[in-house]
Structure formats: C-alpha cells, structure tokens
Amino acid sequence: MSQWITVLGATGSIGSSTLDVIRRHPTRYRVYALTGFSRIEKLVAAALEFSPRFIVVPDDSTAEQARDLLIQVPKNSQDFDCQVLVGEEALARVASDPDVDMVMASIVGAAGLLPTLAAAKAGKRVLLANKEALVMAGPLFMQAIRDNGAELLPIDSEHNAIFQSLPANYQGDFSQHGIEKILLTASGGPFRNKTKAELVDVTPAEAVAHPNWSMGAKISVDCATLMNKGLELIEACFLFNCRADQIQVVVHPQSVIHSMVQYNDGSVIAELGQPDMRTPIAYGMAWPERIDAGVKHLDLFEIAQLDFVAPDHETFPCLNLAKAAFKRGGISPAVLNAANEIAVAAFLSEQIGFLAIPMLIEKVMAVCPDKAVQSLEDVLAADQWAREQANRVLTDFKNSKQRVGLS
C-alpha cells in the first residue's frame, strides 16, 4: 500500500530531492500535498507530475497565479484534481490531515515552525529538515513528538548520520550506551581558510557558493558564517538529549563523513556517503528499511584523503554565539535564530557586510531578556521581538563602519 507524503517546501533543494526519491518509487509513495512560497511555476510543474490533492501557496496573488497555470497546462491524467489552498492554516492542514502518513518539513526559517509542529501533534512521521522547529521551540516540539506518538527522523545529513551511528535502542541517555560525545562535522564553507581581513569585502555571490552542497541562499550563508553548524549543534542537543559540551564540531572539508559518535571503548562510529541529500531523505522515508536513492556510491580510492581541523572561533564567532544561546536557554535560541535571519537577509541584499552578520546577532543577544518558554506564544513573541530589535540594530549599522563589520 502506498504511503501519502506532504512536502512542505517542495520547490527548495530538499523538496526537489524528496520528489526525486518519490519519483524512483512511484508505487511506494504518493504525494498528498506540495507547498511553495515564490517559485509558483516550479510548484505547479511538480503538481502536474505528481498529482497531489492540494498545493499550498502564501497568499491570494500566488493562488491566482497557480490556478491560472493549472488551467493552461494540459493534464497528464483525466483524474487530476488538485485544489489550491492559501496561508498558514492551510500549511497546518496538509501537515496534519488524517490521510497523511509522513511530512517532509523543509520550509526554511521560522515559517516552517507551525506546520511542522502541527505534523508532530497529529502523530505523523516527521522528516525534519527544518532545523528552526527545534532551535526555536525544542522543548515544546520534542514534547509534542512524545505526547502524540509521532516519529521524528532527522534529515540534515549530520543529524541523520548521528542517528544512524547511535544504538538502535537509544533512548536519550549517553551513559546507558557508553557514549562519550558526538562529533558533528562541518565542511567549513567557502571561506574556511580565509582570515578576518580577507572577509571584509566578500560578496553574497561568493558566500552562497558552497564547495560541496547545493543549497538555498540563506542556508549557504549560514554555512559560510558557521551559524548553520551552531544551529545544528542546538538541534542535536534537543534531538539526542545531550549537553552542548558533549558535542565537538570538527571541520571536515571533503564532507564525506557526515558525523560520528564516539564511545567509551575507543570506538568511533561514522556514516560516510556522497554529499547528496537524497541519501538521508530516502533513509528517513523508508526507515528502518533502505531503498535506492539514486546516489552514486563512494569511491574511496578516488577520495584518497580525509582531513579534519578545529573550527576557527575567532574568525567565525557564530558558532560560539549559538552555544551560548543554548546554554542560556529559554527564549535565547529563538532570538538567536530570528536575529540571524534578519542579518543574513541584510547581507544578501548588500545592506551590511559579511563580518557584520555576527556583530548584529551579538548586539541583539546582549539585550535578550531571560525568559522561559512555556508555550508556543512565548516562542512567537520572542521571534517577533528579536526581529524588531535586529532591524533597529540594522538601522544603526547603516552609514557606519559597523555596516561592513568593523567596530
């Protein structure tokens, strides 16, 4: 019997890779819904191929565009019947519908939190590629998974590798399984060998040119600043119930080892593979089985060498900002995430320089209040506060040396 899947963020890189895995297994998986934000032509093209029951777009304007495209393009099947839905409530609906078996949560940023949480509360298999759901609302999200019998399968290549390297019966206690620490690998991004002075004038185009992975602009910039690794560290702490000091970040430029787990008997168990997101996606979709993902096998003789170095915390301070936010707890991770989103957007629109990204975040974190997270409303309020504060800092940065990251 086919399993029904909703793909949140179907037009992004993760969504496209998910659809490729589905394409390879047409009798095993069927698409219930596809969602997209701005690339409506690509969303409609996917709908015409996979015949979902619904597509979800952000507003009436994009809905009209989608309906016009659906009318104009000939259908491959007379049974094609796809409705266009609009807005946040529709996202939650297609993530939680009783007919849905699993949800690929790959909407980038805070926008993915509500539908991903809806999937967890509905007891779905949640394929988590949106790290913000855990960074912003980790305790609430993990509680929703437990309370509603949902399955949580991490899709980030690093967390998926950790999941594969942990004991099958791991229940969130390092001591019970002889685990010493998690080794979280990082490519180091496009600037890993650069000095601070060399980063003053880097452009958005240079920052999004990741050497190993094909990703969207925002996450590519996060990789360049190492904030992506900081967010992944926070995510790993919630996923695997561990402290920040039980995770060691290791820069591994080849991106062949996706992460490792170190045990007290001297063993280090690692997951290796091509830097292709279809591998963790297929693993999450079929778990505990393994299915063809269309990924080329590793040629170890071609790779020949694997390198490992420590991260440069002075040049790339975002990693320490993330660690501090997790240790502080409460609303701090949500504030960190929101401030980063504003800073990265400002960099991509050339309002600030690359080195100003961590400076802006640090200024917002410096005035972040100590407040516990007791509800989703607390998270959303913290997110809104942080965005307003970050925009105020951004205004101060303009027309000053801080705009380019010079104090």
Side-chain angles (χ1 to χ4, degrees), residues 7-20 35-43 46 57-58 62 104-113 116 128-133 135-136 155-158 186-192 194 199-232 235 255 275-278 281 316 318-319 321-322 336-361 383 386-387 390-391 394 397 403-405:
V7 183
L8 302 172
T11 60
S13 59
I14 297 293
S16 297
S17 293
T18 302
L19 293 177
D20 187 67
T35 83
F37 184 75
S38 59
R39 286 172 280 189
I40 305 304
E41 290 186 2
K42 184 175 181 180
L43 182 67
V57 294
T62 49
M104 172 56 73
S106 58
I107 296 176
V108 174
L113 173 60
T116 306
L128 189 65
N130 167 285
K131 58 179 58 65
E132 288 79 10
V135 171
M136 294 177 66
I155 300 302
D156 266 355
S157 60
E158 294 85 356
S187 70
F191 306 139
R192 62 176 173 263
K194 299 285 188 182
L199 296 176
V200 171
D201 296 320
V202 299
T203 66
E206 291 171 324
V208 301
H210 195 283
N212 300 334
W213 298 93
S214 175
M215 302 176 294
K218 192 268 181 184
I219 192 172
S220 295
V221 174
D222 283 349
C223 286
T225 64
L226 286 193
M227 178 57 86
N228 188 56
K229 206 52 49 180
L231 298 177
E232 287 179 1
E235 185 182 5
S255 295
D276 189 320
M277 288 304 299
R278 290 177 297 175
I281 288 167
F316 302 97
C318 284
L319 184 55
L321 289 174
L336 173 92
N337 178 73
N340 179 63
E341 287 191 13
I342 296 297
V344 171
F347 168 69
L348 287 171
S349 60
E350 300 185 335
Q351 297 179 67
I352 62 174
F354 181 79
L355 292 177
I357 294 174
M359 289 180 63
L360 190 154
I361 297 166
D383 178 80
R387 290 173 190 278
N391 278 312
L394 180 60
F397 272 19
R403 192 187 76 82
V404 292

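What you see is a predicted model, and the numbers here were worked out from it, not measured in a lab.
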Taking all atoms of both residues into account, what is the closest heavy-atom pair of [X] and [Y], and its distance?
| X | Y | answer |
| --- | --- | --- |
| G12 | R39 | CA-NH2, 3.7 Å |
| C223 | N228 | SG-ND2, 3.5 Å |
| T11 | S16 | O-OG, 3.9 Å |
| V7 | G15 | CG1-CA, 4.0 Å |
| P190 | A209 | CB-O, 3.6 Å |
| L113 | A133 | CD1-CA, 3.7 Å |

[X] vs [Y] side-chain heavy atoms within contact, under 4.5 Å:
| X | Y | answer |
| --- | --- | --- |
| T225 | F354 | yes |
| N340 | L336 | no |
| E235 | L128 | yes |
| D222 | E232 | no |
| T116 | I107 | no |
| L321 | P358 | yes |
| M359 | I352 | no |
| E341 | V108 | no |

Euclidean distance, [Y] [atom2] relative to [X] [atom1], rounded to 0.5 Å:
| X | Y | atom1 | atom2 | result |
| --- | --- | --- | --- | --- |
| F347 | L394 | CZ | CG | 13.5 Å |
| L348 | T203 | CG | OG1 | 10.5 Å |
| C318 | I357 | SG | CD1 | 7.0 Å |
| L231 | N337 | CG | CG | 6.0 Å |
| F37 | L43 | CZ | CG | 12.5 Å |
| M136 | D383 | CE | CG | 4.0 Å |

* Checking side-chain contact (heavy atoms from CB on, under 4.5 Å) for the pair M227/V344: CA distance, chi angles, key distance, verdict? -> CA-CA 10 Å; M227 178 57 86; V344 171; over 6 Å; no

* **More than 12 heavy atoms of other groups within 6.0 Å of K218 NZ** => yes

* Asked: Judged by atom type as modelled, is there a donor-acceptor pair below 3.5 Å linking the side chain of R192 to the main-chain atoms of S187?
  -> yes

* Asked: With no hydrogens and no angle check, is any side-chain donor or acceptor of D276 less than 3.5 Å from a backbone partner on R278?
  -> yes

* **side-chain contact (heavy atoms from CB on, under 4.5 Å) between F191 and E206, intermediate numbers included** => CA-CA 9 Å; F191 306 139; E206 291 171 324; 4.1 Å; yes

